[in-house]
Amino acid sequence: MRLIVMFDLPMETSTNQRAYRQFRKALLSEGFLMMQESIYVRVATNQKAANLLEKRIGAFVPNEGLVQTLQVTEKQYASMHFLVGEEKQDIKNKDDKVIVI
């Protein structure tokens, strides 16, 4: 299971910019990886773990803007098509090293 977080946050004021930086830093500390700008993904062991992650993200979302999550299975994630560009070959983005205990 993958949890994808997509966001569009305002950047007009220094307060907005600070909220953006704090949110991004919190996502990274939760183990999310950047797929592309404003889209982050993390492997979750199951749907219950993904729901827990959503609740934890809900605790630190900024007050303004748009933050959305999407849960997809590994099969759905693997069927992603690249119309332009290539998949990053970063080992951190591979699920074959994930061990579920």
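With hydrogens and angles ignored, the 3.5 Å screen pairs no side-chain donor or acceptor of R2 with any backbone N or O of Y77.
Nearest heavy atoms, V67 versus P62: CG2-CD, 4.5 Å. Scanning both residues, P10 and G65, for their nearest heavy atoms gives CD-CA, 3.7 Å. In terms of heavy atoms, A49 sits closest to T45 at CB-OG1, 3.6 Å.
Grouping the Ile, Leu, Val, Met, Phe, Trp and Tyr side chains by contacts below 4.5 angstrom, directly or via other members, places F32 with V61. F82 and V72 fall within the same hydrophobic cluster, where Ile, Leu, Val, Met, Phe, Trp and Tyr residues are linked whenever their side-chain heavy atoms come under 4.5 Å apart, directly or through other members. Under the 4.5 Å side-chain contact rule for hydrophobic residues, M6 and L53 do not share a cluster. By the criterion of side-chain heavy atoms lying less than 4.5 angstrom apart, applied directly or through intervening Ile, Leu, Val, Met, Phe, Trp or Tyr residues, L3 is grouped together with F23 in one hydrophobic cluster. Using a 4.5 Å cut-off between side-chain heavy atoms of Ile, Leu, Val, Met, Phe, Trp and Tyr, with links allowed through other members, L9 and M34 fall into the same hydrophobic cluster.
Annotation for L83: hydrophobic cluster partners, listed by chain and number, are none (ILVMFWY side-chain heavy atoms under 4.5 Å, direct or chained).
Counting only heavy atoms from C-beta outward, the side chains of K25 and Q22 never approach each other to under 4.5 Å. Looking only at side-chain heavy atoms (C-beta outward), M11 and Y20 come within less than 4.5 Å of each other. In this structure, N51 and Q71 have side chains that are in contact, with non-hydrogen atoms separated by less than 4.5 Å.
Put simply, OG1 on T13 and CD on E64 are 7.0 Å apart, with the number rounded to the nearest 0.5 Å. Note: I57 CD1 to K55 NZ = 13.0 Å, rounded to the nearest 0.5 Å. In this structure, CD1 on I39 lies 12.5 Å from CG on L27, to the nearest 0.5 angstrom. For the atom pair CZ of R42 and CD of E30, the computed distance is 6.5 Å after rounding to the nearest 0.5 Å. Expressed to the nearest 0.5 Å, how far CD of Q68 lies from OG of S38 amounts to 11.5 Å. Of the inter-residue distances, the one linking M1 atom CE with K48 atom NZ reads 14.0 Å to the nearest 0.5 angstrom.
For the ring-ring contact (aromatic ring centres under 6.0 Å, His included) test, residues two or more places apart in sequence or in another chain that qualify with Y40 are F7.
Around CG of N63, the count of heavy atoms belonging to other residues, nucleotides or ligands within 6.0 Å does not exceed 12.
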